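Contents: one structure, followed by commentary.
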There are 2 protein chains.
Amino acid sequence: MSRLRLTAAVTVDLVVLTVRDGSLCVLVVRRGVAPYAGELALPGGFVTEGEDLPEAALRELAEETGVSEVGGHLEQLATFGRPDRDPRGRVVSTAYLALLPRLPDAVAGSDAAEATWLPVSPAGAPLGAETLAFDHDEILALGLERARAKLEYSPLATAFCEPEFTVAELRRVYESVWGQPLDPRNFHRKVTGTEGFLEPTGQMTAREPGRPAQLYRAGTARLLHPAMLRPA
Amino acid sequence: MSRLRLTAAVTVDLVVLTVRDGSLCVLVVRRGVAPYAGELALPGGFVTEGEDLPEAALRELAEETGVSEVGGHLEQLATFGRPDRDPRGRVVSTAYLALLPRLPDAVAGSDAAEATWLPVSPAGAPLGAETLAFDHDEILALGLERARAKLEYSPLATAFCEPEFTVAELRRVYESVWGQPLDPRNFHRKVTGTEGFLEPTGQMTAREPGRPAQLYRAGTARLLHPAMLRPA
DNA sequence: TCAAAAGTGTTCGTAATACACCCATGG
DNA sequence: CCATGGGTGTATTACGAACACTTTTGA
C-alpha cells in the first residue's frame, strides 16, 4: 500500500429484467432510508472491500431476488459518476444488466423493504409517469436499449426462458421486449434455421391448446448468424 | 455530506485509436513512476474532485495528445475494478474509447514521459509480443473489439478521417480497422447509397494518382441502414 | 499511350417479408 | 366437426459478393 487518496464510494446498481404475462418488467425497490427515502429506485448497494464488481452485482442480485442467476444473464452496462449524483458525496456506480426467467411471485424475503416488478411501457418513457431516484431513469433507459439491441444479434432472449422452452415462448419474449408482434411462421423458420441458436430436446409439450410443440434448449452460439432484425 | 465511507480511488484509462499509414494504432505511454515504472501502459489518470467521468477522459486526452477532440469520437467502454488490479490499493478505472484522425507526429509536448503510437497487429493478440501494465491488455482488447463492431452499424469510421475526405480514404479506414481488403467498387456504392452516411461537398480532389475523387463530409445519421457488414 | 484510381452496370445467391396452406391436438 | 396454435411451401423484394466495364486524371 501507499499514499493512495481514496476519493469515492463505489456501488453497483442493477437493471433486472424479466417477462411477465407478455410484459417486459423491471425490478424496483422502495427505498427505506435517505436519500430519496420512500421513492422507487433500482436495486443496488455498496461494493465491499476485496470484492470484484461482477461479484458485488451477483451478490446484490441474490439478495434482492433470491436467484443464483442460473440460466439468466448478467453483464456490465455502464458507469455513472456525476459528482452530484448522490447528495451524500462522491459515489461512482457501475450498472449491471440482468435478464431472468419469470420468478416465483414472492420476491419478498428479499433484503429491500419492498421489491416489485414494474412493467415498462412499450414505447416512449420506460415507466409510465413513475420516476426513479438518483439517475436511475437514465440507467434504466440504457439497460432497456441494450437489451433490445442484444436480442437482435445474440441468443440472449433464451435467458428470459425456462431451461426448456418452445418456439412460441421464445417468440413471446421477443414480442414483449420489442413491443411489437412478429409473424409466428417466419419467426419459427428463422430461429430453427439459425445455426447454434436452438437445440431440440426431442420432447414435446402441450401446455397450450392446439398442436403440441417441440421443446428446445439454448444452443451454443454466442452470436446469431444471420441476426434477428427487429421490424421497422 | 454524511458518513459515507470512501473506499476507492477512481481513474480513467484511454484507448486512443488512429489510423497511420494503413495501420490501426493505439496510443501508449512509458510509465515514469511505480508501479510498473518503465513499462508501457494506456494513458490515463485520476479523476479529480468535482469532475465527471467524461470530463476527466477529455482532460486526459488533451493532456496526452493536445487534441480537443474536434471531429473525433469519445465513448465509455467499461469499468474495471478487480481488487488487486493496482498494487497501491483499491483503484476502480473507467475506460474510454477515443477515435481520432491522424495527428501531427509530435505527440511529445504531452504530459506523459513518452507517448507513442503502437500498431496493433491485424489478427490475434492486439500488440505483437508487447504487454501492457495493469490489466491494460484486457482493456485494449475490449476497445478494439468495440471499435471493429461499431464500424459496422454506425458512421463512426468518419471519426478517423479529416473533416473532408474521399470514399477511398474512408475505405482505407475500414480496411485498417478490420485488417482485410474490401472491394472498392461495392464499397463505393454502399457508402454513397446509405442514407445519411455521407454528404457530398461538391468539391473534387486529386491528392492521389488517378481520376480525381469527390469530397464528402460526415452525414447526420447515427446508425447505418443498411449496416456495413464485415466479410467473413 | 499506359498506369492508376474513380465510378457504373449486371449477374447471382442469400435472406427478409407476406401469406397460402397443411398438421395435430382439445373440446 | 371446428377452433387453436404448430409448422411448411412459395412468391416477391432487398441486399451482398463478384466482377466486367467505362471514365478521368498524371506520367
Side-chain angles (χ1 to χ4, degrees), chain A residues 21-22 151-153 155 157 161 164-176 178 180-217 221 223-232, chain B residues 21-22 151-153 157 161 164-176 178 180-216 221 223-232:
Chain A
D21 309 320
L151 287 210
E152 293 200 30
Y153 58 88
C161 297
E164 301 198 345
F165 52 88
T166 67
V167 171
E169 286 163 359
L170 185 64
R171 174 168 49 81
R172 279 187 278 275
V173 166
Y174 274 91
E175 291 175 332
S176 303
W178 287 348
Q180 53 195 313
L182 300 174
D183 185 302
R185 289 100 36 130
N186 291 334
F187 182 87
H188 184 279
R189 200 193 343 256
K190 211 153 147 183
V191 294
T192 54
T194 296
E195 184 86 15
F197 195 177
L198 299 185
E199 188 184 301
T201 64
Q203 302 281 99
M204 301 290 274
T205 189
R207 298 202 258 252
E208 290 181 90
R211 174 172 166 182
Q214 279 238 39
L215 279 173
Y216 294 89
R217 268 187 295 271
L223 246 37
L224 298 184
H225 260 321
M228 307 284 301
L229 298 178
R230 66 188 126 166
Chain B
D21 309 319
L151 287 210
E152 293 200 29
Y153 58 88
C161 297
E164 302 198 344
F165 52 88
T166 67
V167 171
E169 285 163 1
L170 185 64
R171 174 169 47 82
R172 277 187 279 275
V173 166
Y174 274 91
E175 291 175 332
S176 302
W178 286 348
Q180 54 193 313
L182 301 175
D183 185 301
R185 288 99 42 134
N186 291 333
F187 182 87
H188 184 278
R189 202 192 344 259
K190 209 153 151 184
V191 294
T192 55
T194 296
E195 184 87 13
F197 194 178
L198 299 185
E199 187 184 301
T201 64
Q203 302 280 96
M204 301 291 274
T205 190
R207 298 202 260 253
E208 292 184 87
R211 175 172 165 181
Q214 279 240 39
L215 279 173
Y216 294 87
L223 246 39
L224 298 185
H225 259 321
M228 307 283 302
L229 298 179
R230 67 188 126 167

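Values in this document were obtained by computation on a predicted structure and should not be read as measured data. Throughout, a chain's letter reflects where its sequence line sits, starting with A, and its residues are numbered from 1.
- For the atom pair A:Tyr216 OH and A:Glu169 CD, the distance stands at 12.5 Å (nearest 0.5 Å).
- Every salt bridge (charged side-chain N to carboxylate O under 4.0 Å, His left out) that A:Glu208 has, sequence neighbours left out, goes to A:Arg172.
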Listing time: all N or O pairs from protein to nucleotides 10-15 of chain D that are below 3.5 Å?
{"unit_1": "D:dT10", "atom_1": "O4", "unit_2": "A:Arg189", "atom_2": "NH2", "d": "3.4"}

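- Taking atom CZ of B:Arg185 as the reference point, atom P of D:dC21 lies 12 Å away to the nearest angstrom.
- Counting any heavy atom pair closer than 4.0 Å across all strands shown, A:Arg230 reaches no nucleic acid atom.
- Rounded to a whole Å, the CG atom of B:Leu224 is 11 Å from the P atom of D:dG16.
- Applying the salt bridge (charged side-chain N to carboxylate O under 4.0 Å, His left out) test to residues at least two apart or on different chains, the pairs with a partner in residues 189-201 of chain A are A:Glu199-A:Arg217.
- Note that CD of B:Glu164 and CD of B:Gln203 are 6.5 Å apart. Values are rounded to the nearest 0.5 Å.
- Across the interface with DNA chain D, nearest-nucleotide mapping of B:Met228 and A:Gln214 shows A:Gln214 to be the residue nearer the 5′ end.
- Nucleotides of DNA chain C that come within less than 4.0 Å of any heavy atom of chain B span, from the 5' end to the 3' end, C:dA4 to C:dT10.
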Give me, pair by pair, the N or O atoms of the protein and of nucleotides 24-27 of chain D that are less than 3.5 Å apart, along with how far apart they are.
{"unit_1": "D:dT24", "atom_1": "O2", "unit_2": "B:Arg211", "atom_2": "N", "d": "3.4"}

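- Side chain of B:Ser176 to main chain of B:Gly22: a donor-acceptor pair is present (N/O by atom type, distance under 3.5 Å, no hydrogens or angles).
- With hydrogens and angles disregarded, no donor-acceptor distance shorter than 3.5 Å links the side chain of A:Thr194 to the backbone of A:Phe197.
- A distance of 7.0 Å separates CE of B:Met228 from CG of B:Leu182, quoted to the nearest 0.5 Å.
- The main-chain N or O of B:Leu215 is found under 3.5 Å from a side-chain atom of B:Thr201 such that the two form a donor-acceptor pair.
- Note that CG of B:Leu170 is 5.5 Å distant from CZ of B:Phe165, once rounded to the nearest 0.5 Å.
- Looking at the side chain of A:Ala213, the nearest of the listed nucleotides D:dG6, D:dT8, D:dC21 is D:dG6.
- Taking atom CG on A:Leu182 and atom P on D:dG5, their separation rounds to 16 Å, with Å as the unit.
- One interatomic measurement links the two molecules: CZ of B:Phe187 to P of D:dA18, which rounds to 16 Å at whole-angstrom precision.
- For the pair B:Tyr174 (side chain) and B:Leu151 (backbone), a donor-acceptor distance under 3.5 Å is present.
- For A:Arg211, there are no salt bridge (charged side-chain N to carboxylate O under 4.0 Å, His left out) partners, not counting sequence neighbours.
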